[in-house]
Student: 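Dropping the structure in here first, questions after.
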Amino acid sequence: MMTNKGIDGEAARAAGMAPDALAALATFLDETYVASGKLPHLQLLVSRDEQPLLSFCKGRARATGQPLRENALYRIASMTKPVTSVAFMMLVEQGLVALDDPVTNIIPEFAGLRVGPKGGRKVRQPMRMIDLLRHTSGLTYGLQRRTSIDARYRELGLDEFQQKRTSDEFIAALAGLTLEFSPGDRWNYSVSTDVLGVVVERLSGLDLESCFRSRIFDPLGMPDTTFVLSTDRLDRMADAWRLDDQNKLVVGDRGARSRWRQKGRFLSGGGGLVSSVADYHRFARMLLRGGELDGARLLKPQTVAAMRSNQLPGGSDLASLSRAMFSEADYSGIGFGLGFAVDLASQEFYWGGIFSTFFYINPVERLIGILMTQHLPSSTHPIRNQFRAGIRRAIVHSRA
């Protein structure tokens, strides 16, 4: 039975987890972030062997004071990327595309791409599909704020989740810019997964909403994950908050009038989805189980194994290859697979979103952790590492 901290003590002990340590984790994150006003709200889920052991929900969903509910909906931003990566790998398994295929096979607009601010260099090697999955494409994000190239991304609004461009117009805009580096040479967090989403659309003949719905969300039983918020779900959408110029929290997107109510011309495979804790837990369970959930198999076990293995050139980590000022991961000892960051020591794989959402999976310990809130930017607080560390302590305590 769940306690007032959302701990199933009996199940936790049976799963080899310390209930007191899980309760301490919930209390610490609640007091440090929600009670202190640093975050508007917080929802946590920890499961082992797919059995929820911690389910915690606290704070106000909206500035008007409504309490956060367990079925709240969140803008998951870059937690969309693993979904897009799974959709692409399903096409790989169908034989429609391969990881080593040049991107120009599907995106011929990229045929003339060059490297550097002035476009003076030819690419050393073609951009391949694997470069889109692992962010070694040479593309960038405007939010990196490091070069004149990413400045141009900002001017054109290429980072935006909801754009007035169509998918084809998005690709055309990128094709008119130069790359930060030759594909495969470095790592840079970027719009690569948005481009991958266009690849998925062109190969499947479906827009991303229809593709994801028919091939991932319906088979896995994820009714609340979508690019477009329906009217009947509007009351569950949490407000999204951001830091203003005075470093104070202000509402950036109101749940009741969210921009996610309207379908844009461009569906961002890199950051456009809304989801819930329950839905994303089902997605994570599918990955933990090697591509299958409740009889619905999306991917082969060996495909998922490849996705959660370090795919960086030479087995490098992000610390040695990264050009990014910002990403959703630490760099030292962290590799990158086909859609996720990979902890080279623990084998955990994970990712997060710029609204401070986060998930991780430990395939060795059979653990899933999901953290949801709506605070931009995600780099403000160290809550993700604290969340993971707290779960590790619960395992250590159980074995003492």
Student: Looking just at side-chain N and O atoms, do Ser182 and Gln125 make a donor-acceptor pair shorter than 3.5 Å?
Tutor: no
Student: To the closest 0.5 Å, what do you measure between CG (Leu45) and CE (Met372)?
Tutor: 9.5 Å
Student: Check for a donor-acceptor pair, side chain of Ser36 on one end and backbone N or O of Tyr33 on the other, with a separation under 3.5 Å.
Tutor: yes
Student: Side chains of Tyr189 and Phe326: does their closest heavy-atom pair fall under 4.5 Å?
Tutor: yes
Student: Do Pro223 and Asp279 touch side chain to side chain, with heavy atoms closer than 4.5 Å?
Tutor: yes
Student: Tell me which pairs pass salt bridge (charged side-chain N to carboxylate O under 4.0 Å, His left out) where either residue lies in residues 371-384, with sequence neighbours left out.
Tutor: Glu328-Arg384
Student: What are the two closest heavy atoms between Pro363 and Glu348, and how far apart are they?
Tutor: CD-CA, 4.3 Å
Student: Among Ile383, Leu371, Asn385, Thr373, which residue satisfies the side-chain contact (heavy atoms from CB on, under 4.5 Å) criterion with Phe358?
Tutor: Leu371
Student: I'd like to know if the side chain of Ser192 pairs up with that of Ser137 as donor and acceptor (distance under 3.5 Å, no hydrogens or angles considered).
Tutor: yes
Student: Flag the pair Tyr74 / Trp260 as yes when their ring centroid distance falls below 6.0 Å, and as no otherwise.
Tutor: no
Student: Measure the acute angle between the ring planes of His381 and His375, then classify it against the limits of 30° and 60° as parallel, tilted or perpendicular.
Tutor: tilted
Student: If hydrophobic clusters are built from ILVMFWY residues whose side chains come within less than 4.5 Å, do Val251 and Phe355 share one?
Tutor: no
Student: Do side-chain atoms of Asp239 reach the backbone of Gly255 as a donor and acceptor pair under 3.5 angstrom?
Tutor: yes
Student: Would you find a donor on one side and an acceptor on the other, under 3.5 Å apart, between the side chain of Gln162 and the backbone of Arg259?
Tutor: yes
Student: Can you check whether Gly116's main-chain N or O pairs, donor with acceptor, with Thr178's side chain at less than 3.5 Å?
Tutor: yes
Student: At their closest point, which heavy atom of Val86 faces which heavy atom of Phe283, and how far apart are they?
Tutor: CG2-CZ, 3.7 Å
Student: If we ignore angles and hydrogens, is there a donor and acceptor under 3.5 Å between the side chains of Gln163 and Arg165?
Tutor: yes
Student: Write down the atom of Ser258, the atom of Leu229, and the distance for their closest heavy-atom approach.
Tutor: CB-CD2, 4.5 Å
Student: Out of curiosity, does Leu243 fall in the hydrophobic cluster containing Leu42 (side-chain heavy atoms, cut-off under 4.5 Å, transitive links)?
Tutor: no
Student: Answer yes or no: is there a donor N or O on one side and an acceptor on the other, between the side chain of Arg146 and the main chain of Arg323, under 3.5 Å?
Tutor: yes
Student: Without swapping roles, check the side chain of Arg154 against the backbone of Gly142 for a donor-acceptor pair under 3.5 Å.
Tutor: yes
Student: Can you hop from Leu206 to Leu267 via hydrophobic side chains spaced under 4.5 Å?
Tutor: no
Student: Quick one: do the Thr136 and Arg134 side chains pair a donor with an acceptor below 3.5 Å?
Tutor: yes
Student: Lys300 and Thr303: side-chain donor and acceptor closer than 3.5 Å?
Tutor: no
Student: Between Asp159 (side chain only) and Leu143 (backbone N and O only), is there a donor and an acceptor less than 3.5 Å apart?
Tutor: yes
Student: Just by distance, with hydrogens left out, do Thr27 and Asp30 show a side-chain donor and acceptor under 3.5 Å apart?
Tutor: no
Student: Do we see a donor-acceptor contact under 3.5 Å between the side chains of Ser230 and Asp232?
Tutor: yes
Student: So, is the end of the Arg388 side chain (NZ or CZ) under 6.0 Å from the ring centre of Tyr350 and within 45° of the ring's axis?
Tutor: yes
Student: Can you confirm whether or not the ring centre of Tyr280 sits under 6.0 Å from the ring centre of Phe359?
Tutor: yes
